[in-house]
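Notes follow the structure.
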Number of protein chains: 2
Amino acid sequence: MRIGQLAELVGVDTQTIRFYERQGLLPSPDRQENGYRVYTEEHSERLAFICRCRILDLSLAEIHELQRYQDDPHQPCAAVNALLDDHISHVRSQITALQALEKQLVSLRASCNDGREVEACGVLAGISEGSMHQQ
Amino acid sequence: MRIGQLAELVGVDTQTIRFYERQGLLPSPDRQENGYRVYTEEHSERLAFICRCRILDLSLAEIHELQRYQDDPHQPCAAVNALLDDHISHVRSQITALQALEKQLVSLRASCNDGREVEACGVLAGISEGSMHQQ
DNA sequence: TTAAAACCATATAGTCACTATAAGGTCAAC
DNA sequence: GTTGACCTTATAGTGACTATATGGTTTTAA
């Protein structure tokens, strides 16, 4: 399988595949005589794993860590679970921060209606005043 | 006021101040004979405005746009409100996406308990399977 | 047969909003 | 006169790609 076919199969850009290879997430495939990369099914599984991790918003470093666990299958899996727990905490604190931000933005927005001049804009006044609450 | 004092006053790094100047968000200040930047109170207000916008997670491009409105105070302010509305939508869709992600992660995490070997880890199996729901 | 298109390769720069580092000039205090 | 704190510029790094430039190869169509 060449890189374009792999890209099509998994639904990734060919550039991204080469990028993952450079980052050490995808093993370097064999090459044809002309230098074209040749991929096996193992590569496509590995790439699909990476993509699913990215959908879960895991960083490339975290994916790398998961791969190291996979390559040593007789370790206890507590570390995998801990990685996921940390990631869940991370996502939750992002949500909390964004919810606080949303509140602040909505209250700022409520301080103006359309049909004013910029000079009298409640939104701009609200930002310009030092009265903003830190999150 | 020199750059270090401005940085102290507003609570920003000196590098960040120079960065904002290069980006065109902060006007180039006058210089002393030795080349040191000299800031006025107008600069500190402008910088504080930028910082408060950044706390609201507005992009530098959006801040630039707001500055253009400020520099032309007799326009209607509907565009300012629209900018904020767009930003609120953006934040809300981030929240929605993260909440969906959290759900997915929590259900993945529930598929494993500690004390297994990596080989039998429910989390890794869950990611490896193609059964993941797209968000 | 040849010429265009589709594919492959590498290397490099751009995105965003900084942050870090290097290498050096200026100034006040001791 | 030298130490330390401050200032200057320029350049590179962050993360995870994405875009562009330039050129080689293969396939397809006229």
Side-chain angles (χ1 to χ4, degrees), chain A residues 1-26 28-39 43 46-67 86-87 90-91 94 97-98 101 135, chain B residues 1-26 28-39 43 46-67 86-87 90-91 94 97-98 101 135:
Chain A
M1 197 193 310
R2 291 189 315 193
I3 196 167
Q5 296 168 293
L6 177 62
E8 176 86 3
L9 182 66
V10 181
V12 189
D13 195 284
T14 56
Q15 302 252 61
T16 303
I17 296 174
R18 292 191 200 100
F19 171 73
Y20 288 153
E21 183 183 336
R22 275 200 305 282
Q23 298 304 113
L25 286 170
L26 204 57
S28 296
D30 289 340
R31 302 281 185 133
Q32 289 178 355
E33 285 194 356
N34 56 16
Y36 288 15
R37 289 170 177 81
V38 186
Y39 292 98
H43 286 99
R46 196 117 171 175
L47 180 58
F49 180 84
I50 296 169
C51 291
R52 286 191 288 263
C53 287
R54 290 296 300 136
I55 289 170
L56 298 176
D57 204 29
L58 292 166
S59 70
L60 299 193
E62 287 168 325
I63 297 170
H64 211 86
E65 205 179 325
L66 289 181
Q67 287 182 340
D86 285 352
H87 187 54
H90 177 65
V91 169
Q94 277 184 281
L98 284 171
L101 179 60
Q135 57 136 330
Chain B
M1 196 193 307
R2 291 189 314 194
I3 197 167
Q5 296 168 293
L6 178 62
E8 176 85 4
L9 182 66
V10 181
V12 189
D13 195 283
T14 56
Q15 301 253 60
T16 304
I17 296 175
R18 291 191 201 99
F19 171 72
Y20 287 154
E21 184 183 336
R22 275 199 305 283
Q23 297 305 113
L25 285 171
L26 204 56
S28 295
D30 289 341
R31 301 283 184 132
Q32 290 177 354
E33 286 194 357
N34 56 16
Y36 289 13
R37 288 171 176 81
V38 185
Y39 292 99
H43 287 98
R46 197 115 171 177
L47 180 58
F49 180 83
I50 296 169
C51 291
R52 286 191 288 264
C53 286
R54 289 297 299 135
I55 288 170
L56 298 175
D57 205 29
L58 293 166
S59 70
L60 299 192
E62 287 168 327
I63 297 171
H64 211 86
E65 205 178 326
L66 289 181
Q67 289 183 338
D86 284 353
H87 188 54
H90 177 64
V91 169
Q94 277 184 281
L98 283 171
L101 178 58
Q135 59 135 328

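Naming: A, B, ... by sequence-line order, numbering from 1 per chain. What you see below is based on every heavy atom in this structure, not just the backbone, and it leaves out hydrogens, waters and symmetry mates.
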*asked:* For a quick check of understanding: with a heavy-atom distance under 4.0 Å over all strands, which category does B:Arg18 fall into, base, sugar-phosphate or nothing?
replied: base

*CG/B:Leu25 to CD/B:Gln23 distance, rounded to the nearest 0.5 angstrom?*
6.5 Å

*Sequence-aligned protein contact record of nucleotides 17-30 of chain C, with B where the base is within under 4.0 Å of a protein heavy atom and S where only the sugar-phosphate is*: BBSBB---BBS---

*So, B:His87 side chain and B:Glu62 main chain: donor-acceptor pair closer than 3.5 Å or not?*
no

*Just by distance, do the side chain of B:His43 and the backbone of B:Leu6 share a donor-acceptor pair under 3.5 Å?*
no

To the nearest angstrom, how far is [X] atom [atom1] from [N] atom [atom2]?
X	N	atom1	atom2	value
A:Glu33	D:dG24	CD	P	19 Å
A:Ile17	D:dT18	CD1	C1'	14 Å
B:Asp30	D:dT8	CG	P	13 Å
A:Glu8	C:dC8	CD	P	11 Å
A:Asp57	D:dC17	CG	P	10 Å

*With respect to the phosphate group of D:dC6, does any side-chain polar atom (N or O) of B:Arg37 fall under 4.0 Å of OP1 or OP2?*
no

*Taking all non-hydrogen atoms of both residues, which atom of B:Tyr39 and which atom of B:Glu21 are closest, and how far apart?*
OH-OE1, 3.9 Å

*Of the options B:Leu9, B:Thr16, B:Val12, which is the one that meets B:Leu47 in a side-chain contact (heavy atoms from CB on, under 4.5 Å)?*
B:Val12

*asked:* Within the 4.5 Å heavy-atom criterion, are A:Phe49 and A:Arg46 side-chain neighbours or not?
replied: no

